[in-house]
There are 2 protein chains.
Amino acid sequence: MTELEKGPKGRRRGRGARERILSASQQLFREQGINRTGMDQLCAAAQVSKRTAYQHFTGKDELVAEYLRRFDPSVLSGVFDRTDLTPRERLLAAFDIPPPTPLCPYIGAAVELHDPEHPASQYARDYKKAVAARLADTAREAGAADPEQLGEQLALLIDGAAARTRVLNADAFPTAAAIAAVLIDNAIPTSSPRQPSDDRGTTGSAPVPVGGR
Amino acid sequence: MTELEKGPKGRRRGRGARERILSASQQLFREQGINRTGMDQLCAAAQVSKRTAYQHFTGKDELVAEYLRRFDPSVLSGVFDRTDLTPRERLLAAFDIPPPTPLCPYIGAAVELHDPEHPASQYARDYKKAVAARLADTAREAGAADPEQLGEQLALLIDGAAARTRVLNADAFPTAAAIAAVLIDNAIPTSSPRQPSDDRGTTGSAPVPVGGR
DNA sequence: CCGTAAGCACACGGATCGGTGTACATAACA
DNA sequence: TGTTATGTACACCGATCCGTGTGCTTACGG
């Protein structure tokens, strides 16, 4: 862990610097937003000289883009690689977010930067498409009639829950999970017992009062 | 049009000033975002002296909060007051957004300001709750089994479509409308013939490929 | 006429921001 | 030893931002 990276000459590299900067970004950009986090504050939090920061990143824009690339494993892969779950359960697991909702930074970045051409915005787009694609793959695996449509729908539910959680300050993922259960049961012919009016409740999700954080 | 407002003494009041400021806010805050729109630029666009602006508003924060209050009629009331539509049609009409999607400023404000205690953030919360409540009222009117739940679900769909449209730069409302149709048909016993898998299509909404802008 | 209210033009202040420049310290090679 | 890469500490720049202070113009009403 406290090792060296292969440099141009194999010299000892500041193992911490870049890592600490990105680590501090994760925390500060989330807590305060991107625009409200200055480079001075960020460098102080990372215990890195400002000069060093600008030797690792050409500017804040690049840093922001890099910062966004550090989320895939935690959210995206973490859910889809659960081989212990059935495809259907995996689709629903995407809505099981821990109580202190992280609040999707991709939406935040796209809104804050406000420039669709910004590298971070472009990456946010790619990421969202990738999530929808993986949801579609899983939907296909689960035997959904129209996997692409279901994937897109579930992706929309996730974003809706994230946005609504942000605005209302109350966890909206249970509501989204309930909708997801309905959509999945409607799309997967085999697993839709199609009972009168209680399509939800097939997972461990709450009865969905509204959202209680 | 070039009339006067009732002032303390019936004097001639600058009819334009405040109105022009708010009007310019609508355009600039939407096009550029709140943080990226300076007071100088805003005053210039409104053709109002900066000094005058600060005599109408104590600060930018108050202006932003006031700016958010100018949307209810266009979106919220505009849909729910359509007496020519059945309650069910009204619920679905909430997803018929014109192609140049305005892109909900409440979400944008909540993300940009990043302070839940900011007056504008509080108003955004109130507004979102009001929308969900009106959706619930209409759902009740339409005979939904659980109107509050359906209202909350539809509100989530709207926010999801707005957020996703923002990030992906592609209209996500058709997808949301398709989900809404499913939820509505599932929630309203009378109007749900409960056919195999084609619950949608009861309105004029598209067959929902994915979203084409 | 003069008082008063509204508005304008313009400069300024303090703060913050992204980004640089400079000088110095350290450690690994050679 | 010296060179080179890496990093620190700290001042500094220009730009932008929100907000004010000052003085001038306009127009109404008594």
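Per chain, numbering begins at 1; letters A, B, ... match sequence-line order.
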Exercise. Would you mind building the protein contact string for nucleotides 9-19 of chain D? One character per nucleotide, 5' to 3', B for base within reach (heavy atoms under 4.0 Å), S for sugar-phosphate only, - for untouched.
Key: B--------BB

Quiz item: If every non-hydrogen atom of B:I188 is compared with every non-hydrogen atom of B:A142, which pair is closest and at what distance?
Solution: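 Nearest pair, atom of B:I188 first, then B:A142: CG2-O, 3.5 Å.
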
Quiz prompt | Spacing between A:E19 atom CD and D:dG7 atom C1', to the nearest angstrom | solution = 17 Å

Self-check item: d(CD, B:Q55; C1', C:dG7) in whole Å
Solution: 8 Å

Quiz item: Would you say A:D61's side chain and A:P119's backbone share a donor-acceptor pair under 3.5 angstrom?
Solution: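 Checked: no pair found.
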
Quiz prompt | the helix from C:dC1-D:dG30 to C:dA30-D:dT1: angle between end helix axes, five pairs per end, rounded to 10 degrees | solution = 10°

Quiz item: With B:K60, which residues qualify under salt bridge (Lys or Arg N to Asp or Glu O under 4.0 Å), at least two apart?
Solution: none

Practice problem: Please list, chain by chain and in numerical order, all residues satisfying salt bridge (Lys or Arg N to Asp or Glu O under 4.0 Å) with A:R140, sequence neighbours excluded. | Solution: A:D137, A:E148

Report, one line per pair, each donor and acceptor closer than 3.5 Å where one atom sits in a side chain of residues 39-47 of chain B; sequence neighbours left out.
{"unit_1": "B:D40", "atom_1": "OD1", "unit_2": "B:K50", "atom_2": "NZ", "d": "3.0"}
{"unit_1": "B:Q41", "atom_1": "NE2", "unit_2": "B:Q32", "atom_2": "OE1", "d": "3.2"}

Quiz item: Parallel, tilted or perpendicular for A:Y123 and A:Y106, by the 30°/60° rule?
Solution: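 Tilted.
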
Quiz item: When rounded to the nearest 0.5 angstrom, what is the spacing between OG1 in B:T83 and CZ in B:R90?
Solution: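 Reported to 0.5 Å precision, the distance equals 7.5 Å.
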
Self-check item: ring pair (Phe, Tyr, Trp, His ring centres under 6.0 Å) pairs, two or more places apart, involving residues 148-172 of chain B
Solution: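 For residues 148-172 of chain B, and leaving out neighbouring residues, there are no ring pair (Phe, Tyr, Trp, His ring centres under 6.0 Å) pairs at all.
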
Self-check item: OP1 or OP2 of D:dT6 under 4.0 Å from side-chain N/O of A:H56
Solution: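 So the side chain of A:H56 is outside the cut-off, no N or O lying under 4.0 Å from OP1 or OP2 of D:dT6.
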
